[in-house]
Amino acid sequence: MTELLKDKTILIMGIANRWSIAWGIAECCAREGASLIVTYQNERSRDAVKQLCSALPKAALYPCDVSSDDEISQLFDFIQKDHDVLHGVAHCLAFAKGEELAGNYYNTSRDGYLLAQNISSYSLAAIAKGARPLMSQGGSILTLSYLGGERAVPNYNVMGVAKAALEASVRYLANDLGPEGIRVNTISAGPIKTVSAKGVKNFSSVLSIYEEKAPLRKTVNQQDIGDTAVFLFSDLSRGITGEIIHVDAGYHIVG
Ligand code: NAD
């Protein structure tokens, strides 16, 4: 263990189960000595997240459904009470209606569009606002995106538009928070089999396209994203903000 994150406290949002990318990030940050604060979305996910986190040496658990302003402000009240300072936030969550992740984008409903934007994009700004007063020593915020935010990827549809907004939010937040020493970056992950990903029609065929065409001829996994998150939370990345780092075996340069 190199302890790159020793003495850092990091908030991880978006663990649902052991396949979640957020769980890969949590494991890698714990390996590097970070103290973790983990959120779960609701009572349904609480027990599974609690059980997973019992394997981590230092992890505190709080509820937070990001569709609720009250739950977001309650989360940061809890954190302020129980922890002195926050150094990092991993925003690893998104949601869209299953029926809108197939077929033509023009069939997106107004409420489906607003729902995807609300959960998947707006929430980053709300979380950054809540985290800011606690990042008194500077900090690093990261979120997860996908190539469908930059290109028209079949079936990704409304989520691609939400990811485009998320990536733009990262640039605006990086500019707002940079003077306070808070960096904001995106990891654009290649496809990984998770519960959310399986909601996108024909997701499995995307995995084989990456194995065939990506320069590294493979797909990435949760640990590949987790190790990049460690880099972004560590002082090694101190000169990087407002960036999109593709962790996708190089697919974005050829696909
Ligand atoms: P996942 O299903 O394991 O995680 C999604 C998380 O979002 C869950 O923990 C869920 O509880 C949370 N969430 C949804 N609505 C919420 C709400 N209202 N409040 C709080 N939390 C809420 O899937 P994942 O693939 O690990 O997704 C994590 C992130 O990675 C998402 O932003 C996703 O778009 C992104 N991503 C995934 C892939 C992939 O192929 N799996 C690729 C690139 C980016």
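In listed order, ligands and their atoms are each counted from 1.
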Could you list which atoms of ligand 1 come closer than 4.0 Å to a heavy atom of [X]?
X	answer
Pro191	40 (O)
Gly14	4 (O), 6 (C), 8 (C), 9 (O)
Cys92	6 (C), 28 (C), 29 (C)

Looking only at protein heavy atoms, what sits closest to atom 25 (O) of ligand 1 is Thr194 OG1, 2.6 Å
Practice prompt. Would you mind checking which non-hydrogen protein atom is closest to atom 11 (O) of ligand 1, with the distance to 0.1 Å?
Written response: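 The protein heavy atom lying closest is Gln41 OE1, 2.7 Å.
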(request) State which residue, out of Ile141, Thr39, Leu134, fulfils the side-chain contact (heavy atoms from CB on, under 4.5 Å) condition with Leu11. (result)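 Exactly one candidate clears the test, Thr39.
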Contact (N/O only, under 3.5 Å) between [X] and ligand 1:
X	answer
Val195	no
Ile21	yes
Ile119	no

Exercise. Find out whether Val254 and Pro215 are in side-chain contact, i.e. whether some heavy atom of one side chain is under 4.5 Å from a heavy atom of the other.
Key: yes
Exercise for review: State, with a plain yes or no, whether a side-chain heavy atom of Phe233 is found less than 4.5 Å away from one of Leu142.
Suggested key: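 Yes, close enough: below the 4.5 Å cut-off.
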How does [X] reach ligand 1, if at all, at less than 4.0 Å between non-hydrogen atoms: by side chain, backbone, both, or neither?
X	value
Ser123	neither
Asp65	both
Thr143	neither

May I ask you to decide whether Asp176 forms a salt bridge with Lys129, counting only side-chain N to carboxylate O separations under 4.0 Å? no
Option of least heavy-atom distance to [atom] (set: [options]):
atom	options	result
atom 5 (C) of ligand 1	Ser188, Ser121, Ser196, Gly199	Ser196
atom 34 (O) of ligand 1	His91, Lys163, Glu71	Lys163
atom 44 (C) of ligand 1	Gly24, Ser145, Pro63, Ser45	Ser145

Residues Asp65 and Ser67: side-chain donor-acceptor under 3.5 angstrom: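 Yes, because at least one side-chain N or O of Asp65 sits under 3.5 Å from a partner of the opposite role on Ser67.
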Exercise. Taking the non-hydrogen atoms of Ser120, is any one of them nearer than 4.0 angstrom to ligand 1?
Worked result: no
Tell me, with the steps shown, if Asp111 and Ser109 meet side-chain hydrogen bond (donor to acceptor under 3.5 Å, both in side chains). CA-CA 5 Å; Asp111 64 319; Ser109 63; 3.0 Å; yes
Checklist entry - Considering all heavy atoms of both residues, which atom of Arg183 and which atom of Leu232 are nearest to each other, and what is their separation? => result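 Shortest heavy-atom contact: NH2-O, 2.9 Å.
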